[in-house]
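Structure first, commentary second.
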Amino acid sequence: MKKIGIFDAFQETVKHLYEKQGAGGLLLIAGFKGNPMTIGWGTIGIIWKIPIFTVLVRPSRYTHELIEESGAFSVNVLSDEYAEQILYCGSHSGRDGDKIRHCGFSLEKGHSISIPHLKQASVVYECRIVHRNNVIGEALKESIYAHYYDQGDLHTLYFGEILAVFREE
């Protein structure tokens, strides 16, 4: 993988978030051994004069435990050919099995963090958590709360400083 500018893959990444909802193309990797979780929500921007990738993870998810433990994560952009694996990673828990092996993925060591990334990714963001906070149900627009949080389990937002971005060569 070749290191690229922090925002060089912005349009491609946001396209996967916005247009591919569910079958996405983005997998968040948490944990030192690598546990992929499908994400369809996130933001990339500048906060505190730092390039930030914000991801949302519900406390009930195994990924939440792993991200809290490690303090870092990678975001992996995959091509459409991995749609089935992406759906699998969003509907199965790493508590119950090895999603990397099941999906036929290979891990590569992170360059600037101790969290691995997927060898199959076309773009990888390596991020270190600089802040976290919880969604406050009472502060949400009622229709958003009713649609996304009718069972509770409000997300934790992780603000990850983007330390490096890589693109497959």
Side-chain angles (χ1 to χ4, degrees), residues 1-4 6 9-10 12-44 51-130 132 135 148 153-169:
M1 296 203 103
K2 177 183 177 184
K3 190 173 183 177
I4 61 173
I6 296 290
F10 176 82
E12 174 184 351
T13 304
V14 172
K15 180 179 178 181
H16 279 278
L17 275 173
Y18 186 68
E19 292 181 2
K20 310 283 186 170
Q21 293 289 309
L26 296 187
L27 290 176
L28 180 140
I29 304 287
F32 299 111
K33 294 181 181 178
N35 179 66
M37 181 188 89
T38 304
I39 60 171
W41 297 354
T43 60
I44 301 172
I52 297 285
F53 203 128
T54 304
V55 297
L56 292 80
V57 181
R58 293 182 191 271
S60 62
R61 296 286 196 133
Y62 180 52
T63 298
H64 193 277
E65 177 184 323
L66 296 175
I67 205 169
E68 284 289 327
E69 178 182 292
S70 66
F73 58 89
S74 68
V75 176
N76 299 254
V77 180
L78 288 102
S79 67
D80 292 343
E81 72 183 276
Y82 295 103
E84 277 187 41
Q85 292 94 327
I86 293 162
L87 285 169
Y88 180 87
C89 289
S91 60
H92 292 78
S93 175
R95 285 185 185 109
D96 302 326
D98 184 344
K99 293 193 275 185
I100 295 291
R101 187 168 2 129
H102 178 88
C103 292
F105 288 140
S106 302
L107 292 173
E108 290 188 343
K109 184 178 176 185
H111 299 279
S112 53
I113 59 174
S114 55
I115 305 302
H117 60 267
L118 296 175
K119 185 176 185 177
Q120 291 79 7
S122 58
V123 176
V124 173
Y125 293 82
E126 294 186 342
C127 304
R128 177 184 57 223
I129 297 169
V130 294
R132 68 181 53 73
V135 171
Y148 294 104
D153 202 21
L154 289 98
H155 288 96
T156 300
L157 283 82
Y158 291 99
F159 296 78
E161 177 181 2
I162 303 169
L163 301 174
V165 182
F166 299 91
R167 180 183 294 285
E168 72 178 335
E169 295 185 63

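Count residues from 1 along the sequence.
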One should read off an interatomic distance between Glu169 CD and Ser122 OG, to the nearest 0.5 angstrom, of 13.5 Å
To the nearest 0.5 Å, atom CD of Glu126 lies from atom OG of Ser114 at 10.0 Å
All heavy atoms of Thr13 vs all of Ala9, minimum pair found to be OG1-O, 2.8 Å
When rounded to the nearest 0.5 Å, the distance separating CG of Leu157 from NE2 of His155 is 8.5 Å
Over 12 foreign heavy atoms within 6.0 Å of CD, Glu81: yes
Counting only heavy atoms from other residues, nucleotides and ligands, does the tally under 6.0 Å from CZ of Arg95 exceed 12?
yes
Note to self: What I'd like to find out is whether the side chain of Phe105 reaches to under 4.5 Å of the side chain of Leu78, using heavy atoms alone.
What the structure shows: yes
Verify side-chain contact (heavy atoms from CB on, under 4.5 Å) between Tyr158 and Cys127, making sure each step is shown before the conclusion. CA-CA 10 Å; Tyr158 291 99; Cys127 304; over 6 Å; no
For Ser79 and Ile86, the nearest pair of non-hydrogen atoms, with its separation, is O-CD1, 4.5 Å
ask   = Does some side-chain heavy atom of Lys119 sit less than 4.5 Å from a side-chain heavy atom of Val124?
value = no
For this session: Classify the ring geometry between Phe166 and His111 as parallel (under 30°), tilted (30 to 60°) or perpendicular (over 60°).
Result: tilted
NZ of Lys99 to CG of Asn35, rounded to nearest 0.5 Å, is 4.5 Å
Handout entry: Test item: Gln120 and Cys103 side chains (from C-beta on) under 4.5 Å apart, heavy atoms
Key = no
Output for pair (Ile6 CD1, Glu161 CD), nearest 0.5 Å, gives 8.5 Å
Would you mind reporting whether Val57 and Thr156 have side-chain heavy atoms less than 4.5 Å apart?
no
Discussion item. Set out, in order, the CA-CA distance, both residues' side-chain angles and the distance that settles side-chain contact (heavy atoms from CB on, under 4.5 Å) for His92 and Tyr62, then state yes or no.
Written reply: CA-CA 10 Å; His92 292 78; Tyr62 180 52; over 6 Å; no
Separation between CG (Asp96) and NE2 (His102), nearest 0.5 Å, reads 12.5 Å
For Leu154 and Pro59, the nearest pair of non-hydrogen atoms, with its separation, is O-CD, 3.0 Å
What one should report as the nearest heavy-atom pair of Leu27 and Leu118 is CD1-CD1, 3.7 Å
Is the ring pair Tyr148/Trp41 parallel, tilted or perpendicular, if the boundaries are 30 and 60 degrees? perpendicular
Closest heavy-atom pair, His64 versus Arg58, reported as atoms and distance to 0.1 Å, is CB-O, 3.4 Å
Query raised in the report: Counting N and O atoms only, with roles assigned by atom type, does the side chain of Ser74 sit under 3.5 Å from a partner on the main chain of Pro116, one being a donor and the other an acceptor?
Result: yes
Go through the steps for Val165 and Arg167 under the test side-chain contact (heavy atoms from CB on, under 4.5 Å), then give the verdict.
CA-CA 7 Å; Val165 182; Arg167 180 183 294 285; over 6 Å; no
Practice prompt. Applying side-chain contact (heavy atoms from CB on, under 4.5 Å), run through Leu56 and Ile39 and close with a yes or a no.
Written response: CA-CA 8 Å; Leu56 292 80; Ile39 60 171; over 6 Å; no
**Message:** Using side-chain heavy atoms (C-beta onward) and a distance below 4.5 Å, is Ile44 in contact with Leu17?
**Reply:** no
Heavy-atom closest pair (Ile162 atom, Phe53 atom, distance to 0.1 Å) is CG1-N, 3.7 Å
Q) Between Ser70 and Phe32, is there a donor-acceptor pair closer than 3.5 Å when you use the side chain of the first and the backbone of the second? A) no
